[in-house]
Colleague: 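Sharing a structure with you now.
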There are 2 protein chains.
Amino acid sequence: MMDVARLAGVSHQTVSRVLNEHKNVSEQTRLKVRAAIAELGYRPNRTARALVTGTSKVIGVVAPNTALYGPSSMLTAFEQAAQESGFAVNVGSVRSLNERSIADAVERHLDQRVAGLVVIAPVASAGPALARLPEDVPLVTIDGDPQRASTLVTVDQVAGARAATEHLLAAGHSTVWHISGPADWFDAAGRVQGWEEALKAAGAEQPPLLTGDWSAESGYRNGKLLARLPEVTAVFTANDHIALGLLRALSEHGRRVPEEISIVGFDDVPQSAYYTPPLTTVRPDFDAVATASVELLLEQIDSGTPDASTRRTIAPTLIPRDSVAPPPPR
Amino acid sequence: MMDVARLAGVSHQTVSRVLNEHKNVSEQTRLKVRAAIAELGYRPNRTARALVTGTSKVIGVVAPNTALYGPSSMLTAFEQAAQESGFAVNVGSVRSLNERSIADAVERHLDQRVAGLVVIAPVASAGPALARLPEDVPLVTIDGDPQRASTLVTVDQVAGARAATEHLLAAGHSTVWHISGPADWFDAAGRVQGWEEALKAAGAEQPPLLTGDWSAESGYRNGKLLARLPEVTAVFTANDHIALGLLRALSEHGRRVPEEISIVGFDDVPQSAYYTPPLTTVRPDFDAVATASVELLLEQIDSGTPDASTRRTIAPTLIPRDSVAPPPPR
DNA sequence: CCGAATTCTGTTATCGATCGCCGCAAAAGG
DNA sequence: CCTTTTGCGGCGATCGATAACAGAATTCGG
């Protein structure tokens with residue numbers, strides 16, 4: 001910076017002012033400084049700036065360390081959005097979603113003096129870890145506890161699940177079965193709730209809930225059971241991978257989809273259009289979630305007021321494909 | 001730090017020594033300082049340290065901004081490995097893999113004063129961007145150009161593809177077709193090469209190469225064509241998603257897998273065991289790639305010698321499932 | 001045409017650590 | 001018993017930026 005100042009014939013402070021787009025610097029010197037910067041190929045040292053300002057142009061993201069489609073696609077979408085606002089992204093993945101490891105990940109980020117935090121915290125155990133956070137750090141929670149008072153961005157799981165269930169009921173099915181995600185995930189709970197609501201609203205009988213863990217394997221395991229129950233004609237699965245396992249199990253038992261059994265998934269993974277048959281599913285807009293999160297976080301960072309307690313809900317859309325048909329005549 | 005020093009009755013310098021595990025500090029004062037640190041809950045400011053040392057405990061990762069299974073699972077594996085060595089990870093994803101955007105991502109990381117860089121650079125266009133990197137920054141390239149002289153960690157694409165092709169030939173097929181990945185990806189090129197080698201070694205005729213783009217859609221598109229060629233009995237696809245699209249196309253044309261056509265994929269995505277039929281595939285060990293990368297990078301960082309030009313190759317393993325069978329009698 | 005307000009720019013202190021050098025005490029050597 | 005080495009710990013400078021304050025130049029109202 002000193003070199004630039006010398007070349008431009010000004011003080012280092014003036015260079016700093018140009019860099020930070022302060023007013024009160026004449027057009028003439030501004031140009032001189034700009035020229036000197038360009039000539040020397042000077043790039044400011046963000047570390048030094050971070051030291052004196054006490055904050056950095058870095059956002060910390062805490063995400064579960066899984067290959068799950070949702071979290072991983074949000075991560076990249078998130079990085080993209082941050083980048084467009086001039087922020088870098090520090091990831092701190094957590095192997096398991098318990099309070100301790102989330103708290104650790106948060107600590108690591110705080111050590112790095114991040115400007116704000118985004119936490120993908122889809123389970124209840126994340127709550128306490130976040131509660132002990134210093135008051136003044138900007139925070140956005142994604143898919144977090146709907147009850148907690150903090151800035152929250154969520155996919156409207158309930159509405160998505162309701163749409164899926166209603167779609168099956170509208171096709172003529174008397175009721176709809178559900179294979180859920182892990183019980184401690186808010187996402188899974190929301191989808192169960194939407195499913196229940198739709199059944200109740202339609203006056204349909206509610207079959208027992210089957211529980212999966214997002215994996216195709218769990219869909220397969222539950223599918224083995226469903227395949228043997230002749231009264232099952234429609235199933236809504238908590239995600240597309242469970243649906244895939246279910247399709248596999250049904251196919252092994254010779255039960256045809258959608259002729260005998262209709263299925264709706266959730267997530268719209270890019271492959272689901274090529275399942276056998278192509279899967280009707282619900283698409284949450286992960287890009288929108290990421291964009292909204294960055295937006296809310298930057299608002300907090302700029303304003304200095306950490307917790308506005310606003311929440312943003314992203315509505316998913318139903319993608320009809322070939323895995324839904326009217327029930328077979330009995 | 002001053003507060004800690006005061007409480008321990010020493011100077012700030014001694015506190016720093018304790019923190020950095022310098023020798024020349026007596027056991028007695030070390031304990032006093034440790035106690036003071038614990039009592040005050042002091043955490044060193046990494047930003048200040050980064051400023052004076054000129055480097056940070058942060059590694060930059062450049063990865064393509066895709067939902068592709070390989071890159072995204074390496075990203076999380078990578079973060080995990082770095083974390084265990086006390087490093088944080090800064091991600092800089094790139095939307096498209098051209099020279100310009102890769103160079104930009106690298107610049108952003110350098111601005112942050114990262115200690116080293118890992119670049120997932122599976123295309124040739126990444127080369128020039130990396131060539132212009134300052135000499136002294138530790139760098140590990142993943143799945144990069146096998147010809148370039150730089151520290152490189154790769155999955156042995158050729159061996160994996162050879163194994164897949166040989167597996168099909170061993171089942172009795174007279175030749176094997178191949179749907180490749182995008183031509184500009186090294187991964188794709190390696191798999192094509194392994195396929196060619198295996199065919200040549202077996203004296204099998206080499207069918208024309210079909211080109212995909214990793215997506216199920218491209219597998220489907222090519223599958224529509226293959227389904228109409230009665231002589232096709234075995235196909236090796238560049239990844240599992242292409243195989244899924246292929247399965248779909250074959251199923252639509254009433255061609256049965258594996259009775260009429262055998263298929264082998266690549267990647268072993270968690271879902272491939274539940275495709276219809278379960279897919280025989282080749283599993284690259286992404287965790288091993290990540291671990292090796294971090295290891296090599298830390299070696300460079302510690303030793304101060306940036307470019308050791310070592311390379312580490314991870315051998316993939318064939319996972320036999322149900323999508324391979326002998327060819328139908330003719 | 002002068003004093004006051006307003007721009008512009010420079011000087012110095014500061015963020016929180018590490019590094020180099022120096023002094024002092026205790027241990028080793030003659 | 002005195003000198004030399006070694007171990008321990010302190011003082012001040014430093015990294016590269018921004019913040020606060022103050023001085024110089026300019027504009028403006030009366």
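The sequence lines fix the lettering, A, B, ..., with proteins before strands; numbering per chain opens at 1.
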Colleague: Nearest-Å distance, CG (A/D111) to P (C/dG16)?
Modeller: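 These atoms are roughly 14 Å apart.
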
Colleague: Looking at CD1 of B/I37 and CG of B/L7, how far apart are the two atoms once the value is rounded to the nearest 0.5 Å?
Modeller: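 Rounded to the nearest 0.5 Å, the CD1-CG separation comes to 10.5 Å.
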
Colleague: Of the non-hydrogen atoms in B/T47 and A/L51, which two are nearest, and what is the gap between them?
Modeller: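 So the minimum-distance heavy-atom pair works out to CG2-N, 3.4 Å.
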
Colleague: Could you state the CG-C1' distance from B/N24 to D/dT5, rounded to the nearest angstrom?
Modeller: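 After rounding, the gap between these two atoms is 13 Å.
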
Colleague: Looking only at side chains, do B/E79 and A/S93 share a donor and an acceptor under 3.5 Å apart?
Modeller: yes

Colleague: Quickly work out the A/H22 NE2 to D/dA19 C1' distance and round it to whole Å.
Modeller: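 Atom-to-atom, A/H22 to D/dA19, this comes out as 9 Å.
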
Colleague: Would you sort out whether B/R108 and B/D111 count as a salt bridge (charged side-chain N to carboxylate O under 4.0 Å, His left out), showing the intermediate values?
Modeller: CA-CA 5 Å; B/R108 287 199 303 274; B/D111 271 4; over 6 Å; no

Colleague: So, taking the atom named NZ in B/K57 and the one named OG in B/S85, what distance separates them when rounded to the nearest 0.5 Å?
Modeller: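 These two atoms lie 8.5 Å from each other.
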
Colleague: Residues of residues 26-46 of chain A with any non-hydrogen atom less than 4.0 angstrom from an atom of DNA chain C: list those, numerically ordered, please.
Modeller: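 Going residue by residue through residues 26-46 of chain A, the ones with a heavy atom under 4.0 Å of DNA chain C turn out to be A/S26, A/T29.
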
Colleague: Would one find more than 12 heavy atoms of other residues, nucleotides or ligands at under 6.0 Å from atom CD of B/Q28?
Modeller: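 No, the 6.0 Å shell around CD holds no more than 12 heavy atoms from other groups.
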
Colleague: Show your working on salt bridge (charged side-chain N to carboxylate O under 4.0 Å, His left out) between B/E99 and B/R132 and close with a plain yes or no.
Modeller: CA-CA 11 Å; B/E99 181 179 346; B/R132 277 194 276 98; 3.0 Å; yes

Colleague: Looking at A/E84, I want to see if its CD is surrounded by more than 12 non-hydrogen atoms of other residues, nucleotides or ligands under 6.0 Å.
Modeller: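 Check passes, neighbour count above 12.
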
Colleague: With the threshold set at under 4.0 Å for non-hydrogen atoms, list the residues of residues 4-21 of chain A touching DNA chain D in residue-number order.
Modeller: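 Nucleic-acid contacts, sorted: A/H12, A/Q13, A/S16, A/N20.
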
Colleague: Does anything in residues 49-58 of chain A come within less than 4.0 Å of DNA chain D? Heavy atoms only, and list the residues if so.
Modeller: A/R49, A/L51, A/V52, A/T53

Colleague: Measure the distance from CG on A/D3 to C1' on D/dG16 and round it to the nearest whole Å.
Modeller: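 The answer, rounded to whole Å, is 12 Å.
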
Colleague: Checking side-chain contact (heavy atoms from CB on, under 4.5 Å) between A/F87 and each of A/L298, A/V58, A/L297, which is the one that passes?
Modeller: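 Of the listed options, the one satisfying the test is A/L298.
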
Colleague: Assess, by modelled atom type and distance only, whether the side chains of B/N98 and B/S101 contain a donor and an acceptor separated by less than 3.5 Å.
Modeller: yes

